[in-house]
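Encoded as C-alpha cells, the structure appears first; notes follow it.
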Amino acid sequence: MTGPTETTGHALADSFAALDGLLSAVERLDPEDLAGPSALVGWTRGHVLSHVAGLGTALLGQARAAARGEVVPVYASQAARDAGIEAGAGRTVAEHLAVLRALRDDLAAAWPEPGSPVWDAPTGYRAGPLSGCLLAWWREVRIHAVDALSGTAQEIGFETWDDALHAHLRQFLAVRLPRGVSVDDVAGDPRDVTVWLAGRVPPTPLPGDLPALGPWPSATPAR
C-alpha cells in the first residue's frame with residue numbers, strides 16, 4: 001500500500017510534470033487560441049490559465065503560511081477569486097507564461113520535502129493539512145491542463161492522468177455520487193468513469209443511465 005510520504009512525493013513530481021507540460025503547450029499557442037472557448041462553459045482558454053495561476057498562487061500562500069506556523073484563508077473572498085480570474089484572462093501568451101513560470105519557481109521553493117512534518121501543518125484549505133493543498137494542486141493542474149488546451153493543436157489528453165491520479169480522483173470524487181451508489185457501480189472503463197466523475201466528457205461514452213453528480217467536494221472539510 002502506498003503511504004503518505006510516497007503519495008506526497010508522487011503528487012509533487014507529477015504536479016510539476018503537469019505544469020511543465022502545460023507551459024510547453026502554452027508556448028506554442030497563438031493569441032487567437034487564448035480567446036477561444038475552453039472545455040469549461042463560459043470560460044475562454046485564458047480564463048482557465050488565469051484560474052490555474054490564481055489557484056497555484058493561493059496554495060503557494062498556504063505553503064508559506066504553514067512554514068510560519070500560521071493558518072490563513074485560501075482566498076480573501078469568492079469575489080476576490082473571481083475578480084482575479086477575470087483580470088488575468090486577457091493576458092498575452094507571454095504574460096501567461098511569465099506568471100506560470102514564476103509560480104513554478106515559487107512552488108519549488110515553498111513546498112516542503114517529502115516526509116517533512118510541515119505537510120501535517122494545518123491550513124485554510126478545507127480545514128485540512130498542507131498535504132491536502134498539494135493534492136488539490138495536483139488535481140487542478142492535471143485536470144485544467146486538459147480543459148485549457150482542448151480544441152487546439154497543443155491539446156493535452158486524459159491519457160496524461162496516471163494510475164495514481166485516477167485512484168486519487170476516484171476516492172476524492174466518490175462523494176459526488178448519490179447515496180447508496182459507489183464508483184464501482186458505474187459501468188464502463190474505470191478511467192472513463194474517473195473522467196466523468198471529474199465532470200468531463202470521457203473519450204468513450206459510459207453506457208446506460210448515469211446518476212446526477214453532486215457538487216465538487218472542495219467546499220467541504222477534509223476527512
Side-chain angles (χ1 to χ4, degrees), residues 1-22 25 39-40 48 51-52 55-56 59 62-63 74 107 111-116 118-121 123 125-150 155-208 210-223:
M1 181 178 293
T2 301
T5 299
E6 290 79 9
T7 299
T8 299
H10 182 79
L12 267 175
D14 196 52
S15 62
F16 279 118
L19 184 53
D20 288 342
L22 180 59
L40 300 181
V48 180
H51 171 53
V52 171
L55 177 64
L59 296 176
Q62 294 297 300
V74 177
L107 286 172
W111 289 131
E113 291 294 322
S116 168
V118 179
W119 288 114
D120 296 322
T123 70
Y125 175 69
R126 302 183 71 226
L130 183 60
S131 58
C133 294
L134 171 62
L135 294 177
W137 175 239
W138 182 32
R139 292 189 296 268
E140 294 283 325
V141 71
R142 274 295 180 198
I143 291 172
H144 287 316
V146 177
D147 296 332
L149 281 301
S150 177
E155 191 166 282
I156 292 175
F158 295 114
E159 70 276 2
T160 57
W161 298 8
D162 67 11
D163 290 345
L165 181 61
H166 273 274
H168 169 67
L169 287 174
R170 287 167 71 88
Q171 181 181 40
F172 179 73
L173 297 173
V175 297
R176 302 190 73 190
L177 292 167
R179 186 179 299 274
V181 178
S182 75
V183 176
D184 292 334
D185 293 330
V186 182
D189 185 289
R191 298 178 74 85
D192 290 325
V193 172
T194 306
V195 172
W196 170 76
L197 271 177
R200 274 66 183 173
V201 179
T204 303
L206 299 179
L210 297 171
L213 291 174
W216 195 266
S218 293
T220 62
R223 293 184 297 176

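The structure presented is a predicted model; accordingly, all values stated were derived computationally and were not measured.
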[atom1]/[X] to [atom2]/[Y] distance, rounded to the nearest 0.5 angstrom?
| X | Y | atom1 | atom2 | result |
| --- | --- | --- | --- | --- |
| Thr123 | Leu134 | OG1 | CG | 11.5 Å |
| Asp192 | Thr204 | CG | OG1 | 4.5 Å |
| Leu19 | Trp138 | CG | CH2 | 15.5 Å |
| Cys133 | Leu107 | SG | CG | 11.0 Å |
| Arg191 | Glu159 | CZ | CD | 9.0 Å |
| Ile143 | Ile156 | CD1 | CD1 | 13.0 Å |

Taking the six-membered ring for Trp, is the centroid-to-centroid distance between Trp119 and Trp111 below 6.0 Å?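 Here the rings of Trp111 and Trp119 have centres that are less than 6.0 Å from each other.
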Nearest heavy-atom neighbours spanning [X] and [Y]:
| X | Y | result |
| --- | --- | --- |
| Gly157 | Val146 | O-CG2, 3.8 Å |
| Pro207 | Ala187 | CD-O, 3.6 Å |
| Ser150 | Ala39 | CB-CB, 4.0 Å |

(message) Under a 3.5 Å threshold, yes or no: a donor from one side chain and an acceptor from the other, between His166 and Asp163?
(response)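 Their side chains do not contain a donor-acceptor pair, so the 3.5 Å distance test is not met.
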Given side chain to side chain contact (heavy atoms under 4.5 Å, CB included), test Val141 with Asp14 step by step and report yes or no. CA-CA 10 Å; Val141 71; Asp14 196 52; over 6 Å; no
Would you say that [X] contacts [Y] through its side chain, given a criterion of any heavy-atom pair below 4.5 Å between the two side chains?
| X | Y | answer |
| --- | --- | --- |
| Tyr125 | Leu130 | no |
| Pro215 | Arg176 | no |
| Val193 | Pro202 | no |
| Asp147 | Arg200 | yes |
| Trp216 | Leu173 | yes |
| Val52 | Glu140 | no |
| Leu149 | Val48 | no |
| Leu22 | His144 | no |

Within 45° of the ring axis of Phe172 and under 6.0 Å from its six-membered ring centre, is that where the NZ or CZ of Arg139 lies?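 Verdict for Phe172: a cation-pi partner in Arg139.
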* Asked: Would you say the side-chain atoms of Arg142 pair up with the backbone N or O of Phe158, donor to acceptor, closer than 3.5 Å?
  ->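 Here the side-chain-to-backbone pair does not exist.
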* Do any N or O atoms from the side chain of Ser15 and from the backbone of Ala11 form a donor-acceptor pair under 3.5 angstrom? ->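 Yes, Ser15 side chain to Ala11 backbone: donor-acceptor pair under 3.5 Å.
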Item checked: Residues in side chain to side chain contact (heavy atoms under 4.5 Å, CB included) contact with Asp184, at least two apart in sequence or another chain ->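 Asp184 satisfies side chain to side chain contact (heavy atoms under 4.5 Å, CB included) with Arg170, Ser182 only.
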For atom CD of Glu113, decide whether the heavy atoms of other residues, nucleotides or ligands shown that lie under 6.0 angstrom number more than 12.
->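 It does not: Glu113 CD has 12 such atoms or fewer within range.
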Checking side chain to side chain contact (heavy atoms under 4.5 Å, CB included) between Leu169 and each of Val183, Val195, Thr194, which is the one that passes?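 Single side chain to side chain contact (heavy atoms under 4.5 Å, CB included) partner of Leu169 among Val183, Val195, Thr194: Thr194.
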